[in-house]
Amino acid sequence: MRFKSLKGVQDIFPPEVFIWQHIENIAREVFQKYGYHEIRLPVIEVTDIFSRSIGETSDIVEKEMYTFEDKGGRSVTLRPEGTAPFVRAFVQHHLHNGPSPQKYYYLGPMFRYERPQAYRNRQFYQIGIEAMGSENPQLDAEAVSMLWTILKRTGLKDARLEITSIGCRLCRPEYKTALQKSIKGKLKDFCEDCRRRYKANPLRILDCKVSSCIKARKGAPAILDYLCVECGGHFNGLKHNLDLLNVSYVLNPNIVRGLDYYTRTAFEVTSESLGSQKAVAAGGRYDMLVKEFGGPQTPGIGFAIGMERLIPLIKDSVEEAQGPDLFFCPLGREASEKSFVLAEQLRAEGSWVEMNYDSSSLRSQMRKADRVNARTVIVLGEDELKKGKAVIKDMQNKKETAVALKVKDILEIIKKPS
RNA sequence: GUGAGUGUAGCUCAGUUGGCAGAGCAUCUGACUGUGGCUCAGAGGGUCGCGGGUUCAAUCCCCGUCACUCACCCCA
């Protein structure tokens with residue numbers, strides 16, 4: 001083989017692609033009802049956009065970015081996530097001048113240079129939203145509810161919604177110190193990674209899956225007890241609003257964000273059947289990011305659904321692909337040309353029509369019609385041409401109906417559902 | 001970046017204690033001169049991942065390498 005696709009990227013064909021369309025169609029439909037509009041952004045940006053917002057010491061920036069130099073000597077990066085480029089666009093085009101909140105959605109590929117494994121690719125796809133300009137927890141709850149609606153409607157079952165608040169720039173540092181204090185004495189009970197995290201990012205210790213760490217961190221202070229008055233009120237508001245919308249959730253104070261820009265609300269939808277990569281979708285609030293990017297103080301909240309995570313969970317609930325309404329089996333050159341023209345005219349009337357191109361036995365033509373799942377078939381030979389009439393066969397019940405070789409007459413028969 | 005496993009037909013996989021490369025599925029053709037799904041027959045399709053070594057002989061044994069898969073880290 002001469003050429004192969006790169007590691008961690010994939011080609012998507014039918015019937016797989018129908019599942020993608022199924023999800024995208026549902027998402028678009030739901031977004032529209034909530035007033036979210038599509039935006040299309042570049043997949044490549046100046047590197048600083050990511051390193052400044054996601055955090056210099058985050059894993060994404062430290063080792064997972066697709067970064068290279070372009071011909072002008074600039075450091076550019078394929079986007080590893082959608083929020084930072086969105087905020088760049090939001091600030092650049094002064095979108096805050098529109099009525100608040102501004103609601104947008106996007107779908108497309110993201111890139112992270114990681115070792116691929118189950119449900120994790122280097123080029124992966126997300127459907128995401130961003131709502132800007134209000135810190136009202138109603139907006140948070142609405143976004144979560146919308147996410148839940150989309151996931152349910154695509155066919156997802158057995159998923160779990162987890163929420164927490166990770167505080168703001170005022171209360172989080174305080175909590176961080178308290179956490180470090182409580183762990184300090186028994187640091188030797190933790191794994192090597194956690195001992196490193198202790199200094200660099202102590203919050204991550206809460207997320208460690210090593211059993212000795214889970215044990216050792218028991219009794220550690222919880223972020224929810226350290227929220228400042230404003231953050232606590234906001235979190236209560238979120239819970240209250242979720243209750244109003246009958247969205248059920250579980251509290252998980254150990255949700256940790258890999259990205260530095262998050263504040264307050266953080267949530268995740270997880271599924272145990274995914275194994276170790278169990279997050280299907282995740283999101284949160286980022287109230288300081290716009291300002292950091294040089295715009296006016298504008299709060300925001302967003303989430304992203306991982307397509308490759310969702311697809312395996314709903315695969316079985318998507319119905320099979322349809323076949324053409326009509327398939328022509330011509331016998332001979334003249335019949336072939338007649339079919340060729342009729343097919344084109346029927347398509348113009350809105351029907352899905354196909355024909356057999358290369359001459360072959362009727363038997364093999366019928367076989368092909370069956371294989372492509374055709375609903376009806378017309379056999380066209382010398383006899384039929386002479387009479388201007390043919391037989392149209394319903395492939396389900398094998399019934400044959402006489403029909404004149406005219407667009408109107410054929411349409412009448414294939415239009416009605418079998 | 002770390003660890004483990006696997007590379008044989010389009011797909012799923014057998015196989016040879018080292019001796020002409022196999023099955024099922026899929027594809028195409030035929031079994032009625034013009035009617036599909038089931039059945040039967042036939043055909044096409046291979047650098048046995050790649051490179052080296054041992055051997056009269058390597059798909060098989062040894063070394064290297066690449067790719068894929070899974071897990072860790074982390075994440076959607």
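Note on naming: letters A, B, ... go to the chains in the order of the sequence lines (proteins, then strands), and numbering restarts at 1 for each one.
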**Q** With P as the reference atom in both, quote the distance from B/U29 to B/C68 in angstrom, rounded to an integer.
**A** 36 Å
**Q** Please name all residues satisfying salt bridge (Lys or Arg N to Asp or Glu O under 4.0 Å) with A/E268, sequence neighbours left out, ordered by chain then number.
**A** A/R257
**Q** Whole Å only: how far is the CG atom of A/D358 from the C1' atom of B/U29?
**A** 14 Å
**Q** Reading RNA chain B from 5' onward, which residue's closest nucleotide shows up sooner: A/N121 or A/S360?
**A** A/S360
**Q** Between B/U27 and B/G36, how far apart are the P atoms? Round to whole Å, please.
**A** 16 Å
**Q** Applying salt bridge (charged side-chain N to carboxylate O under 4.0 Å, His left out) as the test, list every pair that has at least one member in residues 21-30 of chain A; sequence neighbours left out.
**A** A/R28-A/E38, A/E29-A/R153
**Q** With sequence neighbours excluded, give me every ring pair (Phe, Tyr, Trp, His ring centres under 6.0 Å) pair touching residues 146-189 of chain A.
**A** A/Y175-A/Y226
**Q** Would you say a side-chain N or O of A/Q126 is under 4.0 Å from OP1 or OP2 of B/A76?
**A** no
**Q** Taking salt bridge (charged side-chain N to carboxylate O under 4.0 Å, His left out) as the cut-off, I'd like each qualifying pair that reaches into residues 41-53 of chain A, sequence neighbours left out, listed once.
**A** A/E45-A/R88
**Q** Taking only residues two or more places apart in sequence or in another chain, which ones pass ring-ring contact (aromatic ring centres under 6.0 Å, His included) with A/Y66?
**A** A/Y113
**Q** Using the test ring-ring contact (aromatic ring centres under 6.0 Å, His included), find all partners of A/F90 that sit at least two apart in sequence or belong to another chain.
**A** A/F86
**Q** Quick one: label A/A281 by what it contacts on the DNA or RNA (base, sugar-phosphate, nothing), any heavy atom closer than 4.0 Å.
**A** sugar-phosphate
**Q** Quick one: A/E130 CD to B/A76 P, roughly how many Å, whole number?
**A** 12 Å
**Q** Send over the distance from A/K278 NZ to B/A76 C1', rounded to a whole Å.
**A** 13 Å
**Q** Could you check how far CG of A/D11 sits from P of B/C11, rounded to whole Å?
**A** 13 Å
**Q** Would you kindly give the CD-to-P distance between A/Q123 and B/A76, to the nearest whole Å?
**A** 17 Å
**Q** Any luck finding a side-chain donor-acceptor pair between A/Q10 and A/S5 under 3.5 Å?
**A** no
**Q** Tell me: CD of A/Q117 to P of B/A76, nearest whole Å?
**A** 14 Å
**Q** Rounded to the Å, how far apart are A/K63 NZ and B/G1 P?
**A** 10 Å
**Q** If each of A/R309 and A/P116 is mapped to the nucleotide of RNA chain B with the nearest heavy atom, which maps nearer the 5' terminus, i.e. the 5' end?
**A** A/P116
**Q** Quick one: salt bridge (Lys or Arg N to Asp or Glu O under 4.0 Å) partners of A/K63, sequence neighbours excluded?
**A** A/D59
**Q** Measuring only the P atom in each nucleotide, how far is B/U2 from B/U17? A whole number of Å is fine.
**A** 38 Å
**Q** Write down the distance between CG (A/D260) and C1' (B/C75), rounded to a whole number of angstrom.
**A** 14 Å
**Q** Look at the side chain of A/R375 and the backbone N and O of A/I414, then say whether any donor-acceptor pair between them is shorter than 3.5 Å.
**A** yes
**Q** Toss me the dot-bracket line for RNA chain B: Watson-Crick and G-U wobble, both under 3.5 Å, 5' to 3', using | for pairs to another strand and [ ] for crossers.
**A** (((((((..((((.....[..)))).(((((.......))))).....(((((..]....))))))))))))....
**Q** In whole angstrom, give me the gap between the C1' atoms of B/U69 and B/G49.
**A** 15 Å
**Q** Using the six-membered ring for Trp and the full ring for Phe, Tyr or His, decide whether A/F124 stacks on the six-membered base ring of B/A76 (centres under 5.5 Å, planes under 30°).
**A** yes
**Q** In whole angstrom, give me the gap between the P atoms of B/A21 and B/G45.
**A** 15 Å
**Q** When you compare B/G44 with B/C70, how far apart are their C1' atoms, in angstrom units rounded to a whole number?
**A** 36 Å
**Q** Quote, to the nearest angstrom, the C1' distance that separates B/C60 from B/A14.
**A** 14 Å
**Q** Using atom C1' of each nucleotide, how far apart are B/C61 and B/G18 to the nearest Å?
**A** 8 Å
**Q** With A/F328 as reference, evaluate A/N356, A/V379, A/V353 under the side chain to side chain contact (heavy atoms under 4.5 Å, CB included) test and give the passing residue.
**A** A/V353
**Q** Base, sugar-phosphate, or nothing for A/E268, non-hydrogen atoms under 4.0 angstrom?
**A** nothing
**Q** Hydrogens and angles aside, do A/Q117 and A/Y119 bring a side-chain donor and acceptor to less than 3.5 Å of each other?
**A** no
**Q** Please tabulate, one pair per line, each protein N/O and nucleotide N/O from nucleotides 33-38 of chain B that are separated by under 3.5 Å, including the distance.
**A**
residue : atom : partner : partner atom : Å
B/G34   : N1   : A/E384  : OE1          : 3.2
B/G34   : N1   : A/E384  : OE2          : 3.0
B/G34   : N2   : A/E384  : OE2          : 2.6
B/G36   : OP1  : A/R363  : NH1          : 3.1
B/G36   : O2'  : A/D370  : OD2          : 3.2
B/G36   : N7   : A/K393  : NZ           : 3.2
B/G36   : N1   : A/M395  : O            : 2.5
B/G36   : N2   : A/D370  : OD1          : 2.9
B/G36   : N2   : A/M395  : O            : 3.1
B/G36   : N3   : A/D370  : OD1          : 3.2
B/G37   : O4'  : A/D370  : OD2          : 3.0
B/G37   : O6   : A/K398  : NZ           : 3.4

